[in-house]
A.B. asks: 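First the structure, then my questions, so here it is.
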Protein chains: 2
Amino acid sequence: MEEKEISKAVIKRLPRYYRYLGELIEEGVERISSNDLSKKMKVTASQIRQDLNNFGGFGQQGYGYNVKYLYTEIGKILGLDILHPMIILGAGNLGQALANYVDFEKRGFELVGIFDINPVLEGMGVRGIEIKMISDLPFFLKEKKVEIAVLTLPKNRAADMAEILVKNGIKAIWNFAHIDLDVPEDVIVENVHLSESLMTLSYNLSKYTRDHKEK
Amino acid sequence: MEEKEISKAVIKRLPRYYRYLGELIEEGVERISSNDLSKKMKVTASQIRQDLNNFGGFGQQGYGYNVKYLYTEIGKILGLDILHPMIILGAGNLGQALANYVDFEKRGFELVGIFDINPVLEGMGVRGIEIKMISDLPFFLKEKKVEIAVLTLPKNRAADMAEILVKNGIKAIWNFAHIDLDVPEDVIVENVHLSESLMTLSYNLSKYTRDHKEK
DNA sequence: TAGATTGTTAATCGATTAACAATC
DNA sequence: TAGATTGTTAATCGATTAACAATC
């Protein structure tokens, strides 16, 4: 059963709130008003209050928000209080870089396996985890109750791999391949299209140059 | 002088149009209507026409759009027809992964240097490029007319580095550090906050579980 | 109690979609 | 010419901001 739908725009802002609240905790700040937070984050106080009230009343009139409490609650909303077993598909540069991203483990994302199609890599270790072959995948997914698959294969391999993953019951794909995956709608896909990000940077760079060339 | 401002939403869609048009070229498709493209891309035809007409009339009534022409024009809008000298700051896993991303070079992004703060790495090569120390940076930036800096340093180092980069006239920063950089408004920043991307995935995963638990 | 600040409703702004006249 | 499809205006939808009563 669905609750009142929360917009994508709101959800994409939650991790940023979470990050700022984490920093406030480190600075020893106990409470903060939407107004003060809005100045730090360069958004409107109104937006902060609206966003948070999608999930409940976390503040208190005349006081503001308790930083630790709000941090914990947003963490729960984001599902960071639960362990998410995760595998990486593709032990290339990017796959290895992500495998070594220590931060994830702190947030409940547990890397339990790394897979590749290149037999040369079989048995090699990344961060203490042995690289396995795709043939081991189906058994492994069930055995380890893997929830998230990180897809760092080249795009010509990614589509087929997504199909295998879906067939074996994966729930979410963090996709780094330059392709829009075609999966059933109950499978969650979060895309990181690096080249597209760089292109928007390039657009802004070129625009700036254009704007300043015209007198 | 500014032209009529184009919304961020439109700009973020351009690289995706570019990617689909590239695929159409590979498939040998010569022309396409907004309607056919809309089905492929799962957006409305209306949006495609609106988006494109921000930049000019690229189509022809009764015919549609010439794929190659549109691809080239969007490429120009994105600044992909111009060479953008680029350096990477931080020769860790992520920095090296990005350095090895061949695709960039095809799109006008030319990696001309890799820098790190760790003296142990000095002189080591990544993809034929010697890792240099930060002290070489100011001279290098001017000498090579570097436009884009890719920031893959840990967040405690990133803020200081951004300041150095700005002081030495860098125009754009592709920021992978978990921090919002504080730079003058004429410096372009494009953020890739990987952990935030993973958190939105996690949100959707948890939401799905929640929705299906409630009967 | 008085002051501060939330939660929430209403107003505004911007982005998306629909419709259709222009035209190839 | 007739049919197709764009470019563009108008209508709708959704998201952001402003305002303020509720309340700690």
Side-chain angles (χ1 to χ4, degrees), chain A residues 2-17 20-21 24 29-74 77 200 203-204 207, chain B residues 2-17 20-21 24 29-74 77 200 203-204 207:
Chain A
E2 308 266 323
E3 310 188 312
K4 61 183 153 38
E5 208 54 48
I6 287 153
S7 90
K8 261 191 169 179
V10 173
I11 292 156
K12 281 207 293 196
R13 284 194 291 267
L14 288 181
R16 190 159 176 263
Y17 292 133
Y20 273 84
L21 290 165
L24 287 170
V29 177
E30 255 179 39
R31 66 174 168 124
I32 193 157
S33 68
S34 58
N35 196 42
D36 288 352
L37 188 58
S38 81
K39 280 173 200 150
K40 264 191 177 293
M41 296 186 63
K42 291 173 185 166
V43 296
T44 62
S46 209
Q47 183 167 76
I48 293 174
R49 295 203 298 277
Q50 283 277 24
D51 283 355
L52 296 180
N53 274 87
N54 280 297
F55 305 97
F58 300 125
Q60 196 165 79
Q61 284 98 328
Y63 173 89
Y65 298 88
N66 179 291
V67 175
K68 261 190 195 154
Y69 174 67
L70 188 54
Y71 179 80
T72 310
E73 289 304 309
I74 295 181
I77 294 165
T200 59
Y203 170 86
N204 288 117
K207 178 182 175 298
Chain B
E2 308 267 323
E3 309 187 314
K4 62 180 151 41
E5 209 55 47
I6 289 153
S7 91
K8 262 191 168 179
V10 173
I11 293 156
K12 281 205 294 196
R13 284 194 290 267
L14 288 181
R16 187 156 179 266
Y17 292 134
Y20 273 83
L21 290 164
L24 286 169
V29 177
E30 256 180 38
R31 67 174 167 123
I32 193 157
S33 69
S34 57
N35 196 42
D36 288 351
L37 188 57
S38 80
K39 279 174 202 150
K40 263 191 179 292
M41 296 186 63
K42 291 172 186 168
V43 296
T44 62
S46 210
Q47 182 165 76
I48 293 174
R49 295 203 299 277
Q50 283 278 23
D51 283 353
L52 297 179
N53 275 86
N54 280 297
F55 305 97
F58 300 124
Q60 195 167 80
Q61 285 97 328
Y63 173 88
Y65 299 88
N66 178 290
V67 174
K68 263 190 192 152
Y69 174 67
L70 188 55
Y71 179 80
T72 309
E73 290 304 309
I74 294 180
I77 294 165
T200 58
Y203 169 85
N204 288 116
K207 177 182 176 299

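Just so you know, these numbers come straight off a predicted model, no measurement behind them.
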A.B. asks: What is the distance from CG of B:N53 to C1' of C:dT16, rounded to the nearest Å?
C.D. replies: 15 Å
A.B. asks: Expressed in angstrom and rounded to an integer, what is the separation of A:E5 atom CD from D:dA15 atom P?
C.D. replies: 11 Å
A.B. asks: Take atom NZ of B:K42 and atom C1' of C:dT17, then tell me their distance rounded to the nearest Å.
C.D. replies: 20 Å
A.B. asks: How would you list, by chain and number, every residue that makes a ring pair (Phe, Tyr, Trp, His ring centres under 6.0 Å) with A:Y20, sequence neighbours excluded?
C.D. replies: none
A.B. asks: Rounded to the nearest angstrom, tell me the gap between atom CG in B:D51 and atom P in D:dG7.
C.D. replies: 12 Å
A.B. asks: So which heavy atom on A:A45 is nearest to which on A:S38, and how close?
C.D. replies: N-CB, 3.4 Å
A.B. asks: Between B:Q47 and A:G57, name the one whose nearest nucleotide on DNA chain C is closer to the 5' end.
C.D. replies: A:G57
A.B. asks: Does the side chain of B:L37 reach to within under 4.5 Å of the side chain of B:L24, using non-hydrogen atoms?
C.D. replies: yes
A.B. asks: Would a distance-only check, ignoring hydrogens and angles, find a side-chain to backbone donor-acceptor pair under 3.5 Å from B:R13 to B:Q47?
C.D. replies: no
A.B. asks: Using whole Å, report how far CD1 of B:I32 lies from P of D:dA4.
C.D. replies: 17 Å
A.B. asks: So A:K207 and B:I6, do their side chains get closer than 4.5 Å, heavy atoms only?
C.D. replies: no
A.B. asks: Report the residues that fulfil side-chain contact (heavy atoms from CB on, under 4.5 Å) with B:K39, sequence neighbours left out, ordered by chain and then residue number.
C.D. replies: B:N35, B:D36
A.B. asks: Is there a side-chain contact between B:Y65 and B:L21 in this structure, where contact means two heavy atoms from C-beta onward sitting under 4.5 Å apart?
C.D. replies: no
A.B. asks: As a test of your reading of the structure, name each stem of DNA chain D as range with range, where a stem is three or more consecutive Watson-Crick or G-U pairs at under 3.5 Å.
C.D. replies: C:3-24 with D:3-24
A.B. asks: Sugar-phosphate atoms are those with a prime plus P, OP1 and OP2; base atoms are the rest. Using that split, label each nucleotide of nucleotides 18-24 of chain C B, S or - for protein heavy atoms under 4.0 Å, 5' to 3'.
C.D. replies: BBB-BBB
A.B. asks: Does B:L70 reach the side chain of B:L52, with side-chain heavy atoms less than 4.5 Å apart?
C.D. replies: yes
A.B. asks: Please list all pairs passing the salt bridge (charged side-chain N to carboxylate O under 4.0 Å, His left out) test where one or both residues lie in residues 54-74 of chain B, with sequence neighbours left out.
C.D. replies: B:E73-B:K76
A.B. asks: Would you check if A:I48 and A:Y17 make a side-chain contact, meaning some heavy-atom pair closer than 4.5 Å?
C.D. replies: yes
A.B. asks: Using a 4.0 Å cut-off on heavy atoms, which residues in residues 7-17 of chain B reach DNA chain D? List them by number, or say none.
C.D. replies: none
A.B. asks: Can you see which heavy atom on A:S34 is nearest to which on A:R49, and at what distance?
C.D. replies: OG-NH1, 2.9 Å
A.B. asks: Measure from CD1 on B:I6 to P on C:dG14 and round the result to the nearest Å.
C.D. replies: 15 Å
A.B. asks: Give the rounded distance in Å between these two atoms: CG of A:N35 and P of D:dT17.
C.D. replies: 14 Å
A.B. asks: Output the rounded distance in Å from CG (A:L52) to P (D:dA15).
C.D. replies: 17 Å
